[in-house]
Asks: 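Okay, here's the structure, questions in a sec.
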Amino acid sequence: MLWKLSLTGIKGRFKDYLVLFSGLIMSSAIFYMFEALATNKDFVTSNSPISMAAIVFQIGSVLLGIITLVYIIYANSFLMSMRRRDYGMFMMLGAKGRKIAQLIAAETLVIGTAATLIGTAIGIGLTKVVSQFLLSRLDMHIKHFSPFYLPAVIATLLFFIVLFIIAAVVNQYQLLKTPVLQLLHDDQQPNRIKENKVARLIQIVLGLVFLAVGYYMMTAIATFQVMGLVIALVTIVLGTYFLFNAFFGWLLMLLKRNEKIRNKGLNNFTLAQLSFRIKDYTKMLALVAMLFALALGAITVGIGYQNEIPKIADSASAYDVVLNQPTQKALKLTKELKDVKQTATYQVKEDSKTVYYRTEQFKQTPLLTIEYGKTGSLSSETKVRQVPLRELQKGDNYLFRSIQVPSQTAKAVKLVSNEAFAQIASSTKIVKTYDVQDFSANLPVIKKLYQEQLKANPELKANSQVDSSKYASYKIANGFFSGLEFMGFFLGIAFLAMLASCLMFKILSGAASDVKRYTMLAKIGVRQNLLKQSIAKEIGALFLLPGIVGVVHVLFGLQMFKELMIDPYNQIWIPFSIFIVLYAVYYVITTWLYRGIVLKETKFGE
């Protein structure tokens with residue numbers, strides 16, 4: 001009988017359970033995707049030359065596990081908030097506490113295990129789809145990666161089942177310790193806390209000071225290094241908490257005092273709702289702000305590394321393509337290059353000690369080289385410059401390295417007249433150079449040309465360490481950053497899904513207590529569209545506030561990557577736009593679900 005009542009209750013709340021179920025599926029699917037990377041040692045060690053790569057992935061996995069734990073706690077809280085009244089009614093009807101405890105454990109484990117199994121299966125499919133998309137999009141060369149990885153499946157199932165066992169025990173303990181009357185009237189419990197103005201002022205000052213210290217540490221990470229990172233982590237977490245605990249409450253109070261804002265539409269009611277919530281939501285909003293920064297930062301840095309690869313390749317050679325003794329097939333392929341800015345042809349002769357070039361040809365088309373700016377290393381100041389003839393005539397063979405093969409780089413270089421060049425008793429070789437408008441757009445053709453260059457000059461393959469061509473540098477950079485790109489993208493998506501779901505569950509778990517307030521407004525004649533606008537503004541503020549704080553954290557946090565990237569802010573609008581669109585989708589879904597709960601009994605107000 002008790003099971004029948006329970007199933008009837010679940011059926012009646014099917015839409016709410018569907019949200020919970022889909023959130024858990026998404027959580028386990030993303031967790032599996034990341035575990036497939038973190039636990040696959042062959043994949044990690046084969047796709048990044050970083051000796052610490054395995055540790056980085058494991059740290060990322062642990063971090064994801066902690067975030068998942070927080071997510072499960074909130075999902076569990078949402079589940080309990082929906083069922084507390086039902087359980088209270090069962091107990092009122094005479095059900096024993098032991099039976100209710102068994103019911104709670106069974107419901108929690110069945111929902112959790114089913115969601116984990118479905119999520120793991122979806123995770124395998126998603127891993128295959130997403131990995132194929134990324135591999136084709138980023139021109140990655142990943143080895144030993146399979147969408148299905150048994151250790152990752154086992155780790156995912158064990159992790160989530162253990163979490164749900166813990167959740168079931170916590171649920172049982174909380175429910176059995178709660179009086180029956182409180183279970184029945186849980187949504188009517190007062191929640192207002194007295195404000196202390198002095199304490200609020202102290203918290204505002206402390207919050208701003210902590211954030212200023214944290215931001216400074218991230219800006220000066222080269223000086224403070226690991227200590228700066230630890231200080232920044234602690235101070236920013238504390239500063240974010242105080243910001244939501246005091247500053248935003250004070251801001252809402254100022255808005256309520258402004259008559260023009262307060263008396264417009266249902267703003268007074270909306271501000272009161274936010275003031276009521278902001279205290280209860282302090283920890284959640286601070287957590288969401290931190291997760292928002294981690295998620296956005298991970299995606300931004302991941303995409304940033306993708307943007308860095310062509311720049312690193314650009315810094316290796318002034319030419320996009322150099323064909324030393326080009327084959328006929330290579331010459332035919334060059335016609336497929338798009339938007340060629342400049343091309344040049346140089347004739348070469350050589351003996352055992354010297355490489356000879358015609359002076360006249362460098363007058364007509366000057367040699368190009370890379371200039372690294374004041375720092376002398378790779379930076380945003382790196383640029384291509386034309387080498388004056390007088391500089392070439394000094395005989396610095398380093399300037400010619402970009403158009404030479406390895407056997408020529410150790411020889412002396414001489415520029416001679418056309419007549420002197422004709423008298424040298426050696427066969428004439430040809431070197432052709434090409435500069436295109438967009439290296440990435442021409443990558444497929446450049447890749448084929450590089451293969452032809454290897455056929456024409458086998459010594460390039462045997463001495464790959466001295467190959468200074470742009471495509472060879474691109475391959476090295478792509479291999480170096482592939483693992484970091486992959487991890488950043490997956491971490492960002494996982495954090496986004498969990499932070500938005502946590503916020504969604506937190507808002508929805510409080511919806512039941514708001515039904516009476518919206519019903520009362522409808523009874524006194526407030527139109528449905530005004531109620532919907534109020535809900536949109538209220539939930540919008542709860543999504544917007546941590547979003548703004550998270551964006552500011554990321555903008556300062558990218559300062560830390562100035563030591564690792566040429567320009568971490570380059571094309572920052574791309575990851576920001578992707579992230580904000582996905583975040584907005586969660587906002588729309590949450591608003592739609594919340595309206596469905598609080599407005600379902602207010603249609604008479606239309």
Side-chain angles (χ1 to χ4, degrees), residues 1-36 39 64-65 67-87 90 99-130 147-175 493-494 497-498 500-502 504-506 508-509 586 589-590 593 596-597:
M1 183 62 183
L2 200 59
W3 275 102
K4 192 174 180 181
L5 287 171
S6 178
L7 290 174
T8 305
I10 292 174
K11 189 177 177 182
R13 295 175 179 273
F14 180 74
K15 191 169 71 174
D16 300 331
Y17 269 91
L18 194 62
V19 177
L20 173 67
F21 201 67
S22 59
L24 294 174
I25 288 173
M26 184 180 294
S27 171
S28 52
I30 293 172
F31 188 88
Y32 168 79
M33 282 198 292
F34 198 78
E35 279 295 298
T39 58
L64 188 63
I67 301 303
T68 304
L69 175 63
V70 175
Y71 172 76
I72 295 295
I73 290 172
Y74 274 96
N76 184 54
S77 171
F78 176 62
L79 172 69
M80 284 302 298
S81 70
M82 291 192 302
R83 303 288 290 151
R84 286 170 74 88
R85 187 177 175 84
D86 293 343
Y87 294 140
F90 296 159
K99 282 287 182 186
I100 296 294
Q102 290 175 355
L103 194 66
I104 293 170
E107 282 185 9
T108 307
L109 287 175
V110 167
I111 291 173
T113 305
T116 305
L117 288 172
I118 296 172
T120 304
I122 293 174
I124 294 170
L126 280 177
T127 304
K128 183 176 177 62
V129 173
V130 174
F148 177 78
Y149 188 60
L150 186 59
V153 173
I154 295 171
T156 305
L157 291 176
L158 284 178
F159 180 77
F160 276 86
I161 289 173
V162 168
L163 282 185
F164 280 108
I165 290 173
I166 295 171
V169 172
V170 171
N171 282 347
Q172 289 177 352
Y173 177 78
Q174 288 181 343
L175 194 87
I493 295 297
M498 291 183 190
S501 297
C502 284
M504 176 192 290
F505 289 146
K506 179 66 177 173
L508 294 180
S509 63
Y586 274 96
I589 293 172
T590 307
L593 292 171
I597 296 172

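Only heavy atoms go into these numbers, but all of them, side chains included; no hydrogens, no water, no symmetry mates.
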Asks: Sequence neighbours excluded, which residues qualify as side chain to side chain contact (heavy atoms under 4.5 Å, CB included) partners of Leu117?
Replies: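 With neighbours one apart ignored, the set is Thr113, Leu157.
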Asks: Just verifying a value: how many Å separate Thr120 OG1 and Phe160 CZ, rounded to the nearest 0.5 Å?
Replies: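 Rounded to the nearest 0.5 Å, the OG1-CZ separation comes to 7.5 Å.
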Asks: Give, for atom CG of Leu163 and atom CZ of Phe159, the distance between the pair rounded to the nearest 0.5 Å.
Replies: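 Those atoms lie 4.5 Å apart.
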Asks: Between CD1 of Ile161 and CD1 of Ile166, what distance do you get to the nearest 0.5 Å?
Replies: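 Between atom CD1 of Ile161 and atom CD1 of Ile166 there are 12.5 Å.
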Asks: Nearest 0.5 Å please: distance from the OG1 atom of Thr156 over to the OH atom of Tyr32.
Replies: 7.5 Å
